[in-house]
Q: 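Sharing a structure here in structure tokens format.
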Amino acid sequence: MMKLTVLGSTGSIGTQTLEVVQEQGNITIEALGAGRNIKLLEEQIRKFSPRYACVADSEAAKELQIAVADTETKVISGADGMEELAADPASDTVVGAIVGIAGLRSSLAAVKAGKRLALANKETLVTAGDLIRRARKESGAELIPVDSEHSAVFQCLEAISSERRKAELKRVILTASGGPFVGKKADELRDVTPEKALKHPNWEMGAKITIDSATLMNKGLEVLEAAQLFDVTVDQVDVLVHRQSIVHSMIETIDGAVLAQMGVPDMKLPIQYALTYPDRRPMQNNTLNLAEITALTFEKPDLETFRPLALAYDAGRMGHTMPCVINGANEAAVALFLQKKIGFLDIFEMLAKTMQAHEVIKNPTLTDIIEADRWAREMVMQNFARK
């Protein structure tokens, strides 16, 4: 019986994880963590009866404690509470689905505790990949990707033994839907509103990641994550726009073979596989009917128009604190865009200006990473104030 902690339980990945748990029926929920959506978290508590629940906001936590006083669930709060749940020995697996760098500390805590971390928070590896790698080596923790693209690569790599992987893997190929604005040029993007950017053609996701998909920054973060996760350089990670979102990603080996993982555009398969690996278990309503697919198309992304992807490659080549800086700047800029305080293309400008102003800190500690993130956000706000 798996004992599971879900951090980010009220978000898109978290709610789908709990659906998988219900379908599997052999997983016990030990703890849940969420931001401020205490109404949904209360419903989850009553359905799954976790020992603990953590709310990021302390005032919301007080409200929740009153609401679930008739249950046996203990409510705690804050980033420290999330870390406590991630490291709690009562659970053996942690789903890390907290959005943004806010999920870093709890992901690191789970790894240090030797857990299986089903990671949906790409910012963990983007900002602190080296720290995570060292912690895994010391604790023996497992890290299984939940992002559909990285899960696809993870599955494809099972065709190569770990001993031969470094020598035989030529490149990783991440697919991208292209978002709602594929094919458009910069002049056509000047008047894009949050409402337009939030209309993703294939996937249902949270607001921040949907905007990142529209700018292609999400794919940039995935390039940085893939480099850390699969021990390759960013220049060994290619991106192809694949509008159908059927081929979730691919690998190419040194003999020219290309291996792909295909499936319907649904996050439940990568979530379930991260929990059950190395076993595969039945899944309902997840059949891909190849006879109904009229075409699978692939094209190179427009790096000139969608500059965030090109900037992410630059950040990966510079390494150290630069990936953390571009991530922090992006989180701050996207928040301003969603509040309609800046335009769509202003996001691109703020990323570039913040990177240009940053002096890279080599071999950063966790303190350095947190400070670099704070600095990047401050730089975005300063640029915003000047506009």
Q: Between CD of E84 and CD1 of I76, what distance do you get to the nearest 0.5 Å?
A: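 Reported to 0.5 Å precision, the distance equals 4.0 Å.
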
Q: Closest approach of H320 and I361, non-hydrogen atoms and distance?
A: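 Taking every non-hydrogen atom into account, CB-O, 3.1 Å.
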
Q: Below 6.0 angstrom between ring centroids: does that apply to F154 and F230?
A: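 Distance test on ring centres: not under 6.0 Å, no.
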
Q: Ignoring hydrogens and geometry beyond distance, is a side-chain donor-acceptor pair present between T297 and H242 at under 3.5 Å?
A: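 No pair is found: no donor N or O on one side chain lies under 3.5 Å from an acceptor on the other.
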
Q: How many angstroms lie between CG in D80 and SG in C54, if you round to the nearest 0.5 Å?
A: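 Answer rounded to 0.5 Å: 9.0 Å.
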
Q: Is a salt bridge present between D302 and K185, judged by a nitrogen-to-oxygen distance below 4.0 Å?
A: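 Looking at D302 and K185, the cut-off is met.
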
Q: With a 4.5 Å heavy-atom cut-off, do I211 and I347 have their side chains touching?
A: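 Yes, close enough: below the 4.5 Å cut-off.
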
Q: Quick one: are K268 and E23 in side-chain contact, heavy atoms under 4.5 Å?
A: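 The answer is yes; the side chains approach within 4.5 Å.
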
Q: Determine yes or no for a side-chain-to-main-chain donor-acceptor pair under 3.5 angstrom, with R116 supplying the side chain and Y277 the backbone.
A: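 Checked: pair present.
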
Q: Are any of the side-chain heavy atoms of Q44 and T15 separated by less than 4.5 Å?
A: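 Yes - at least one pair of side-chain heavy atoms lies under 4.5 Å apart.
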
Q: Let me know which of E19, Q24, R281 forms a side chain to side chain donor-acceptor pair (under 3.5 Å) with Q272.
A: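 Exactly one option meets the side chain to side chain donor-acceptor pair (under 3.5 Å) with Q272, and it is Q24.
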
Q: For the residue pair G35 and T10, what are the closest heavy atoms and their distance?
A: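 Scanning both residues completely, I find the closest heavy atoms to be N-OG1, 4.5 Å.
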
Q: Considering all heavy atoms of both residues, which atom of A86 and which atom of L7 are nearest to each other, and what is their separation?
A: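 Looks like CB-CD1, 4.0 Å.
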
Q: Is it true that K340 and E195 have a side-chain N and a carboxylate O under 4.0 angstrom from each other?
A: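 Yes.
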
Q: Within the distance-only criterion (no hydrogens, no angle test), does the side chain of K122 pair as donor or acceptor with the backbone N or O of A226 below 3.5 angstrom?
A: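 No; judged by distance alone, with no hydrogens or angles, the pair does not exist.
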
Q: Has the side chain of Q65 got a donor or acceptor atom that lies under 3.5 Å from a matching backbone atom of V75?
A: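 Judged by distance alone, yes, a pair lies under 3.5 Å.
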
Q: Is E371 salt-bridged to R374, cutoff N-O under 4.0 Å?
A: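 Looking at E371 and R374, the cut-off is met.
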
Q: Is there a donor in the side chain of R280 and an acceptor in the side chain of Q155, or the other way round, less than 3.5 Å apart?
A: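 Looking only at side-chain atoms, Q155 and R280 do form a donor-acceptor pair, the distance falling under 3.5 Å.
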
Q: May I ask you to check whether F344 and F181 place their ring centres under 6.0 Å from each other?
A: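 Yes: the rings meet the under 6.0 Å criterion.
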
